[in-house]
Amino acid sequence: GSWLQLLLMLPGDWRAGWLNLYRFWQEGGLHNVHHIMARKFQQFGPIYREKLGVNETVNIISPRDAATLFQAEGTLPERFRVPPWVAYRDYRNKPYGVLLKKGEAWRSDRLLLNKEVLSPQAVEGFVPLLSAVGEDFVRRARAQVGQSGRERWTADFTHELFRFALESVCHVLYGERLGLLQDFVDPDAQRFIDAVTLMFHTTSPMLYLPPALLRHLNTKTWRDHVWAWDAIFSQADKCIQNVYRDLRLQRKSTTEYMGILCSLIMQDKLPLDDIRASVTEMMAGGVDTTSMTLQWAMFELARSPGVQEQLRAEVLAAKREAAGDRVKMLKTIRLLKAAIKETLRLHPVAVTLQRYTTQEVVLHDYRIPPKTLVQVGLYAMGRDPEVFPKPEQFSPQRWLAAGPKHFQGLSFGFGPRQCLGRRIAELEMQLFLMHILENFKIETMRAVEVGTKFDLILIPDKPIYLTLRPL
Ligand code: HEM
Ligand code: 2DC
């Protein structure tokens with residue numbers, strides 16, 4: 001009774017879910033989820049209730065409320081399960097990986113994966129693998145500079161970075177190179193990249209519909225979505241089969257690190273189907289996320305030459321001191337790490353973080369009942385002047401200054417359900433930027449304003465042109 005009453009008091013548009021969805025659609029909400037949320041926080045204050053289609057949520061923006069939410073999440077946290085992703089797996093009878101699993105089944109898989117993917121020991125082994133891909137990018141960029149005949153390389157780097165990101169994640173997953181930073185690009189790999197982009201793109205129009213309805217709809221969006229996941233699963237399966245075969249035929253050298261998949265197979269603790277499901281998710285999750293973040297990072301550094309110089313000085317000093325030892329270098333590049341955090345503050349991949357409450361929580365004096373879907377407006381929080389003074393300023397230094405940073409850096413989520421690929425992503429981005437800063441000046445043409453578009457993940461709303469100029 002009292003729960004209901006308190007929920008009823010929450011501000012927001014939550015009475016007419018379908019009408020709200022219709023309005024949302026009309027307003028062009030599909031690609032503007034982040035702007036609409038920011039506006040609702042302005043209109044309703046730091047907590048509001050909403051209903052879109054079948055989805056009811058309570059939305060919060062302050063780090064304090066986020067802390068309350070996450071501290072009450074328990075040992076089996078659950079986030080919003082993206083309906084079309086669930087619907088695809090049920091339709092094709094594919095197993096869920098950690099991304100979509102729930103309860104104890106999620107937890108046991110996740111604990112085994114954490115050891116191979118997230119633990120400090122495992123992660124140190126990724127350094128040479130990811131650094132090598134960064135070096136290849138530099139080599140390719142130098143070749144492009146040479147070909148241009150103009151002492152620089154100017155381009156929209158989207159596709160180059162997609163290939164860099166897929167090459168990186170596959171190197172750590174499979175211990176093998178795909179060769180995507182060469183002139184000839186394997187068409188199957190390119191198809192995988194296109195499929196991941198299409199998969200994200202076709203997810204957003206179906207986000208607010210129930211999974212049961214989705215596969216009975218024979219719309220183009222659903223068919224494209226199925227095509228995209230099919231392409232993702234079949235390409236990942238090929239990579240997995242290759243490794244499996246090499247392992248059986250003892251073609252893998254046992255002296256060097258052989259990759260996450262090999263370790264998981266040899267440990268023999270997780271059934272092969274579950275390994276495959278989660279490795280497929282990691283391969284797909286490793287493309288658009290890091291590449292878009294790197295693109296934003298280079299854009300911000302191009303627009304703030306002063307910050308760029310500071311970072312370069314830090315990286316070059318670290319290199320001298322560590323005599324080129326990348327593991328050592330990574331321990332001293334504080335400002336570069338802060339620059340990545342700062343990039344993700346302004347340009348988060350995930351518009352929100354979400355959790356289903358398992359017990360009553362009190363957020364801003366409202367009692368929220370169990371089983372409520374609560375969303376932390378990550379994009380809105382990153383641009384809230386109450387949380388980040390002068391939010392429009394790109395200032396990595398703000399992360400190093402004194403003062404509380406409690407629940408402010410949430411770009412990879414929080415707790416046991418946080419991003420599984422976090423350490424891979426961070427290392428990959430740190431090493432990439434280290435190599436770039438050691439070799440090139442990053443410039444951008446004019447003061448072109450680039451906005452943000454929601455395409456399930458947040459991406460630039462227009463192409464970004466960048467110039468790399470050898471130092
Ligand atoms: C989950 C962000 C890169 C794989 C998540 C979540 C966020 C996130 C916010 C939800 C966390 C939560 O609910 O608390 C990012 C960002 C990335 C990135 C900002 C890069 C800039 C990657 C990469 C991989 C990956 C490279 C694969 C290697 C996953 C998986 C999950 C996840 C599998 C689901 C984990 C689970 O439910 O147990 N990511 N991600 N992500 N991410 Fe990432
Ligand atoms: C999208 O309202 C908007 O890391 C929804 O690497 C709420 C929501 C739920 C889950 C989020 C999703 C949003 C954005 C993309 C995320 C996803 C969880 C994991 C996924 C943040 C905010 C991502 C990109 C993974 C994707 C792995 C996949 C390709 C197998």
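In each ligand, atom 1 is the first atom listed, and ligand 1 is the first ligand listed. When a residue number appears, it is its place in the shown sequence, counting from 1.
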Return yes when at least one protein heavy atom is under 4.0 Å from atom 23 (C) of ligand 2, and no when none is.
no
Side chain, backbone, both or neither: Leu378 near ligand 1, heavy atoms under 4.0 Å:
neither
Is Thr289 touching ligand 2 with its side chain, its backbone, both, or neither, if touching means heavy atoms under 4.0 Å apart?
side chain
Exam field: side chain Thr202 to backbone Met199, donor-acceptor pair closer than 3.5 Å:
yes
Would you check the N or O atoms of Glu281, main chain and side chain alike, for any that come under 3.5 Å of an N or O of ligand 1?
no
Should the pair Lys371-Glu360 be classified as a salt bridge under the 4.0 Å nitrogen-to-oxygen rule?
no
Is Glu428 close enough to touch ligand 1? Criterion: a residue heavy atom under 4.0 Å from a ligand atom.
no
Under 4.0 Å between heavy atoms, the region of Leu207 that gets near ligand 2 turns out to be side chain
Protein contact of atom 15 (C) of ligand 2 - nearest heavy atom, named by residue and atom, plus distance
Ile457 CG2, 3.8 Å
For Gly179, is there any backbone N or O sitting under 3.5 Å from a side-chain donor or acceptor partner on Glu167?
yes
Taking Asp274 first and then Lys101, would you say they form a salt bridge - that is, a charged N and a carboxylate O separated by under 4.0 Å?
yes
Quick one about Gln241 and Asp237 (side-chain donor to acceptor, distance below 3.5 Å, no hydrogens or angles considered), yes or no?
no
For atom 1 (C) of ligand 2, the protein heavy atom that lies nearest, with its residue and separation
Leu456 O, 3.6 Å
Part of Arg417 within contact of ligand 1 (heavy atoms, under 4.0 Å):
both
Determine whether Thr158 and Gln295 satisfy the following criterion, side-chain hydrogen bond (donor to acceptor under 3.5 Å, both in side chains), listing intermediate values before the conclusion.
CA-CA 7 Å; Thr158 307; Gln295 198 171 29; 3.1 Å; yes
Leu353 neighbourhood, listing ligand 1 atoms whose heavy-atom distance to it stays under 4.0 Å:
9 (C)
Check the side chains of Thr452 and His35 for a donor-acceptor pair under 3.5 angstrom, ignoring hydrogens and angles.
no
Below 4.0 angstrom from a heavy atom of Gly286, which ligand 1 atoms are there? Numbered from 1 as shown, please.
26 (C)
Is the number of heavy atoms from other residues, nucleotides or ligands under 6.0 Å of Gln42 CD greater than 12?
no
Are a donor atom and an acceptor atom from the side chains of Gln393 and Ser395 found within less than 3.5 Å of each other?
no
Any N or O of Thr290 closer than 3.5 Å to N or O of ligand 1:
no
Donor on one side chain, acceptor on other, Glu116 and Gln267, under 3.5 Å:
yes
So which protein heavy atom does atom 27 (C) of ligand 1 come closest to, and at what separation?
Met282 O, 3.4 Å
Whether Arg23 and Asp13 form a salt bridge (side-chain N of Lys/Arg under 4.0 Å from carboxylate O of Asp/Glu) is what I want to check.
no
Check: Gln308/Arg312 side-chain N/O donor and acceptor closer than 3.5 Å:
yes
Could you list the donor-acceptor pairs under 3.5 angstrom formed by side chains in residues 457-465, with sequence neighbours left out?
from   : atom 1 : to     : atom 2 : distance (Å)
Asp461 : OD1    : Gly451 : N      : 2.9
Lys462 : NZ     : Glu449 : O      : 2.9

Contacting atoms of ligand 1, where contact means under 4.0 angstrom from a heavy atom of Arg110:
35 (C), 36 (C), 38 (O)
Students should be able to answer this: which protein heavy-atom is nearest to atom 6 (O) of ligand 2, and at what distance?
Gly285 CA, 3.4 Å
Out of Ala284, Gly97, Ala350, Ala277, the nearest non-hydrogen contact to atom 21 (C) of ligand 2 is supplied by Ala350
The answer for which part of Thr293 has a heavy atom under 4.0 Å from ligand 1 is side chain
Answer yes or no for Arg345 and Phe394: cation-pi contact, defined as NZ/CZ to six-membered ring centre under 6.0 Å and angle to ring axis within 45°.
no
With no hydrogens and no angle check, do the side chains of Asp384 and Tyr379 hold a donor and an acceptor under 3.5 Å apart?
no
Verify atom 8 (C) of ligand 2: protein non-hydrogen atom under 4.0 angstrom away:
yes
Using the ring-ring contact (aromatic ring centres under 6.0 Å, His included) definition, which of the options Phe164, Phe440, Phe157 pairs with Phe432?
Phe164
Do any protein N, O or S atoms sit under 2.8 Å from atom 43 (Fe) of ligand 1, and which ones are they?
Cys419 SG
Starting from atom 14 (O) of ligand 1, which protein heavy atom do you reach first, and at what distance in Å?
Arg355 NH2, 2.7 Å
Modelled atom types, side-chain donor and acceptor of Thr290 and Glu428, under 3.5 Å:
yes
Can you pull out the closest protein heavy atom to atom 16 (C) of ligand 2? Residue, atom name and distance to 0.1 Å, please.
Trp85 CH2, 4.7 Å
For Ser411, the ligand 1 atoms with a heavy-atom partner under 4.0 Å come out as 2 (C), 9 (C), 19 (C)
For Phe414, which part has a heavy atom under 4.0 Å from ligand 1: side chain, backbone, both, or neither?
backbone
Which residue, Trp85, Trp229, Trp222, forms the ring-ring contact (aromatic ring centres under 6.0 Å, His included) with Tyr91?
Trp222
Run the contact test for Met199 against ligand 2 with a 4.0 Å cut-off on heavy atoms, strictly below, and give the result.
yes
Distance to the ring centre below 6.0 angstrom and angle to the axis at most 45 degrees; does that hold for Arg334 and Trp399?
no
Looking only at protein heavy atoms, which one is nearest to atom 13 (C) of ligand 2, and how far off is it?
Gln354 NE2, 4.1 Å
Test of understanding: given a 4.0 Å heavy-atom threshold, classify the contact between Leu99 and ligand 2 as side chain, backbone, both, or neither.
side chain
Please classify the Met283 to ligand 1 contact at 4.0 Å (heavy-atom distances, strictly less than): side chain, backbone, both or neither.
neither
